[in-house]
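A short worksheet on the structure shown next.
In each ligand, atom 1 is the first atom listed, and ligand 1 is the first ligand listed. Hydrogens, waters and symmetry mates are skipped; everything else that's a heavy atom, side chains included, is used.
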Amino acid sequence: MEGAMSGLKNMIAERKMVQERAVSGEDPPPQYILEESHRPIDDPQPTFPVPVVHLGHSDETAEIKAALQSWGMFQVIDHGLSSSFLDEIRYIARTFFKLPMEEKQKYSNIIDGEFKHEGYGNDNITAEGQILDWNDRLYLSVQPEDERKLELWPVNPSSFRDVLHEYTIKTRKLINYILKVVAKSLELDKDFFSSHLGDKSRLNARFNYYPSCSRPDLVFGLKPHSDATLITVILPDKDVEGLQVMKDGKWFKVTTSPHALLLNIGDQMEIMSNGIFKSPVHRVVTNPDNERISVAMLCSKRT
Ligand code: OGA
Ligand code: NI
């Protein structure tokens, strides 16, 4: 047991960011390589343009209900955030990930050899032989505001903190609106979710960086998972696809409009809707030529 523990500690201490591996062009090392039966290449992958929900239209409740029952996700274009603001969010994400490694490591999620949830890093390693994802990330708690760990919020680019703060406020507003519509679609009081969440609602930001990968057939950017959240808002990369969602046992490539925000529900919503809405299983594949950046805002009830 002790041997295994120190083995894990060493793996955590010696980990290398995926970005460093991608820059040197190395093929994915064994700890990233999926078992043959899990590899992405085996699946047929039709493209799935995510249903569009028109907020503020009289059909919004029916549209959300249909989208959540079939896919567990939908895209919103009339979300009230300007394209230039969405580009600012993409800019702060990209600029951060392009900083020199020493600069990014100031925000490391490994403190004294211990894995922390917040900060810059990648997968926690909890078992020897664990297959790692081809993904680096910056994970920050953004609400409640008085629990922010500001020392982990980058100061470069200089707009980082202001833009993330503004994005937090705007995302919260969007989520609150959507949750009212979701409640109506379940024939519940429109304040069902807000009264259930009370002051226990939490919002986390996860900036995802998927470097290009010489062997996208062997690795995942993110392994298949469902989100543990109530609801998640994703700002997808403008140019590079990679997200896939499972429906009826098949994987579909997700495509969205460049101005869209993508919303998916998580496990907490599956439970709170009594299973009427299923938390979708999704995954991210990598790309040999292009890196991909996304920003996920994860809304959940604190337990
Ligand atoms: C996630 C996630 C999808 C993406 O962060 O949980 O599923 O497109 N991200 O990066
Ligand atoms: Ni996810």
V284 and ligand 1 - part of the residue with a heavy-atom distance under 4.0 Å: side chain
Residue pair D227 / T232, side-chain donor-acceptor N/O under 3.5 Å: yes
Protein heavy atom at shortest distance from atom 6 (O) of ligand 1: H225 NE2, 3.2 Å
Check: I92 main-chain N/O paired with T95 side-chain donor or acceptor under 3.5 Å: no
Side chain to side chain contact (heavy atoms under 4.5 Å, CB included) assessment of F115 paired with D123: CA-CA 9 Å; F115 178 89; D123 288 335; over 6 Å; no
Proximal ligand 1 atoms for R206, defined as those under 4.0 Å from one of its heavy atoms: 5 (O)
Qualifying salt bridge (charged side-chain N to carboxylate O under 4.0 Å, His left out) pairs, either residue in residues 149-169, two or more places apart: E118-K149, E166-K170
R292-N290 side chain donor-acceptor pair, cut-off 3.5 Å: no
Winner among N204, L235, L222, T256 once heavy atoms are compared against atom 1 (C) of ligand 1: L222
Electrostatic pair E187:K184 at N-O distance under 4.0 angstrom: no
Ligand-side contact atoms (ligand 1) for residue partner Y210, heavy atom cut-off under 4.0 Å: 4 (C), 9 (N), 10 (O)
Reference residue F160; test ring-ring contact (aromatic ring centres under 6.0 Å, His included); the match among W153, F207, Y91: F207
Metal site the Ni ion (ligand 2), protein N/O/S atoms found under 2.8 Å: 3
Inter- and intrachain pairs under salt bridge (charged side-chain N to carboxylate O under 4.0 Å, His left out), touching residues 16-34, at least two apart: K16-E26, R21-E26
contact_flag R137 ligand 1 heavy-atom lt 4.0 Å: no
No-hydrogen, no-angle side-chain donor-acceptor test under 3.5 Å, S141 and R148: no
Atom 4 (C) of ligand 1 [closest protein heavy-atom partner, distance rounded to 0.1 Å]: S294 OG, 3.4 Å
Partner set under salt bridge (Lys or Arg N to Asp or Glu O under 4.0 Å) for K278, not counting sequence neighbours: none
Test of ring centre spacing under 6.0 Å for F252 and W71: yes
Validation row, ring centre Y32 to ring centre F220 under 6.0 Å: no
Part of D227 within contact of ligand 1 (heavy atoms, under 4.0 Å): side chain
Heavy-atom nearest neighbour in the protein, as seen from atom 5 (O) of ligand 1, with distance rounded to 0.1 Å: N208 ND2, 3.2 Å
Interfacing atoms of ligand 1 (cut-off 4.0 Å, heavy-atom, I234): 3 (C)
Any R283 heavy atom less than 4.0 Å to ligand 1: no
Closest protein heavy atom to atom 8 (O) of ligand 1, given as residue, atom name and distance to 0.1 Å: R292 NH2, 2.9 Å
Element-labelled atoms of ligand 1 that are located less than 4.0 Å from some non-hydrogen atom of H282: 7 (O)
